[in-house]
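We use all heavy atoms of the structure for the numbers below, so side chains are in, but hydrogens, waters and symmetry mates are not.
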Amino acid sequence: MTGFVDLQVNGYAGVDFNADDLTDDQFASVADRLVADGNEIVLATVITAPIDRMLARIGRIAQAIESIPSVARVIRGIHIEGPFISRLAGYVGAHPASHVVEADAAVADRLVDAGCGRVRLLTLAPEQDPAGRITRRLTERGIIVAAGHCDASIDQLKCLIDQGMSLFTHLGNGCPAMLPRHDNIVQRVLSLSDRLCVSFIADGHHVPDFVLANYLRCIPTQNVIIVTDAISAAGLGPGRYSLGDQMVEVDSDGAAWSSDRKHFAGCATTMPEMTRILKTRCGVNEEQIEKWTRHNPLRLIQSMGELYSNTTRNQSLGDASTCESA
């Protein structure tokens, strides 16, 4: 393993995985750029939208993986982030609150089946799955379940961990700027980080460098994962870019803002730049960076099933041979 393993890529180098009209040429182009920037494995991420549009976007990514060899070599699966998240302000983040829905087994099955066996990870709010039934259903089918964009209680987090949840998505983000002093989602997750992998966006914006360094000292090193949460702006610099049905403004410092500038909306920073930030501004050594950007995320994926076989399909989630093209 020599390249980065990124579990959360919404888009890259001008290509938005949440767009409705992606061409084969765009998929091939973004795959080449991902590899050129040192990525070996990424999960293309689809965020909350109307269910039919999520289904189409997931299906289109799966089709590209199936039909374009250069895409299959680097985009090894799909991360569904939403729609079973908190709709509360702050916790919902850049996701459109109007399209957040209650966790539902039938909807979860439809979303996963649309990926024709390519869905590897689904992020939800534990308070949306209070008994953990959907989490158990997904993990038994070989899908990583992560908590995120949530205000789950300690008991709700523990319940889902017991049902197979193994990751928390980008801690310190997907939550309001103002939180209760002691009992808040960040502290709850840190208290359980010996039982849960925790991902962070190490761009210097989503979590200030000194705060990230504090978090990294609190979590067992084998449970830290760095993700980019990259959007189509990644690697391109300041400007206006799409993220699904919204526009994102990247400023001169490289921060990606919602159009109202009230919160971040994905990230414009590449993984090579994040490793530089970790080393020079957070005091992280090469061995730790290697674990957090390669080995730990790979271990998590491999623990849920075979990653490298291009023909592997989870039959309980639908036979890829019967999946319709998007």
Side-chain angles (χ1 to χ4, degrees), residues 3-23 25-49 53-54 57 60-61 64 71 74-75 78-82 92-96 123 148-149 169-170 172-174 199-209 212 226-278 281 293:
F4 301 117
V5 180
D6 193 345
L7 303 184
Q8 192 167 7
V9 180
N10 309 283
Y12 206 85
V15 176
D16 178 11
F17 294 137
N18 290 269
D20 295 318
D21 55 357
L22 292 178
T23 67
D25 285 346
Q26 286 175 304
F27 272 108
S29 172
V30 74
D32 289 345
R33 179 62 184 271
L34 284 163
V35 171
D37 285 351
N39 296 283
E40 187 165 347
I41 297 169
V42 305
L43 298 187
T45 302
V46 173
I47 68 169
T48 304
R53 296 178 77 175
M54 291 185 71
R57 292 165 183 175
R60 180 66 183 99
I61 295 168
V71 174
V74 64
I75 301 179
I78 299 167
H79 174 179
I80 303 174
E81 188 184 11
V92 75
H95 294 242
T123 293
H149 288 277
T169 292
H170 55 50
N173 303 112
S199 73
F200 295 97
I201 304 168
D203 65 347
H205 303 296
H206 279 78
V207 182
D209 298 334
L212 179 59
I226 302 299
V227 297
T228 61
D229 197 21
I231 62 171
S232 61
L236 298 183
R240 285 173 57 82
Y241 302 90
S242 67
L243 174 58
D245 302 320
Q246 62 185 300
M247 294 303 296
V248 178
E249 297 184 7
V250 177
D251 65 22
S252 58
D253 291 329
W257 293 93
S258 60
S259 57
D260 60 9
R261 293 189 68 87
K262 289 183 177 180
H263 54 76
F264 295 125
C267 176
T269 305
T270 64
M271 192 67 86
E273 177 63 12
M274 288 193 181
T275 64
R276 187 193 67 79
I277 290 170
L278 287 167
R281 290 158 49 179
T293 63

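Interatomic distance, T293 OG1 to E40 CD, rounded to the nearest 0.5 Å: 11.0 Å. Put simply, CZ on R60 and CG on D20 are 11.5 Å apart, with the number rounded to the nearest 0.5 Å. Atom CZ of residue R281 and atom CZ of residue R276 lie 6.0 Å apart, to the nearest 0.5 angstrom. To the nearest 0.5 Å, atoms CE (M271) and CG (D6) are separated by 4.0 Å. Rounding to the nearest 0.5 Å places CE of M274 at 5.0 Å from CG of D203. Here the straight-line distance linking atom CG of N173 with atom NE2 of H205 works out to 12.0 Å at 0.5 Å rounding.
In summary, R240 and D251 do not engage in a salt bridge, as defined by a charged side-chain N under 4.0 Å from a carboxylate O. The pair R53-D245 meets the salt-bridge criterion, with a side-chain N (NZ, NE, NH1 or NH2) lying under 4.0 Å from an Asp/Glu carboxylate O.
For the residue pair T169/S199, the side-chain donor-acceptor check at 3.5 Å is not satisfied. A donor atom on one side chain and an acceptor atom on the other are not found under 3.5 Å apart for T270 and D37.
When side chains are defined from C-beta on, S232 does not count as touching V15, because their heavy atoms never get closer than 4.5 Å. Counting heavy atoms from C-beta outward, N10 and N18 have side chains that approach closer than 4.5 Å. Side-chain atoms of F200 and V227, non-hydrogen and from C-beta on, never get closer than 4.5 Å to each other. Between Q8 and T228, every side-chain heavy-atom pair lies at or beyond the 4.5 Å cut-off. Residues I231 and D16 have side chains not in contact (no heavy-atom distance under 4.5 Å, counting atoms from C-beta outward). You'll find the side chain of T45 stays beyond 4.5 Å of the side chain of I78, heavy atoms only. In this structure the side chain of T275 reaches within 4.5 angstrom of the side chain of F4, judged on heavy atoms. At a threshold of 4.5 Å between non-hydrogen side-chain atoms, the residues V9 and L43 do not count as touching.
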Given H170 and H206, is the ring-ring contact (aromatic ring centres under 6.0 Å, His included) satisfied, shown in steps?
CA-CA 9 Å; H170 55 50; H206 279 78; 7.4 Å; no

Step by step, would you call N39 with V42 a side chain to side chain contact (heavy atoms under 4.5 Å, CB included)?
CA-CA 7 Å; N39 296 283; V42 305; 3.9 Å; yes

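Smallest separation of non-hydrogen atoms from G266 and A256: O-CB, 3.6 Å. Here the shortest heavy-atom pairing between E81 and H95 reads O-CE1, 3.0 Å. Closest approach of A233 to A268, counting heavy atoms only: CB-CB, 3.9 Å. Among all heavy-atom pairs drawn from R33 and A13, the shortest one is CG-CB, 3.5 Å. Residues R57 and A19 come closest through the heavy atom pair CG-O, 3.8 Å. Here the shortest heavy-atom pairing between I75 and F17 reads CD1-CZ, 3.8 Å.
A donor-acceptor pair is defined here as one N or O able to donate and one able to accept, closer than 3.5 Å; no such pair exists between the side chain of H79 and the backbone of A44.
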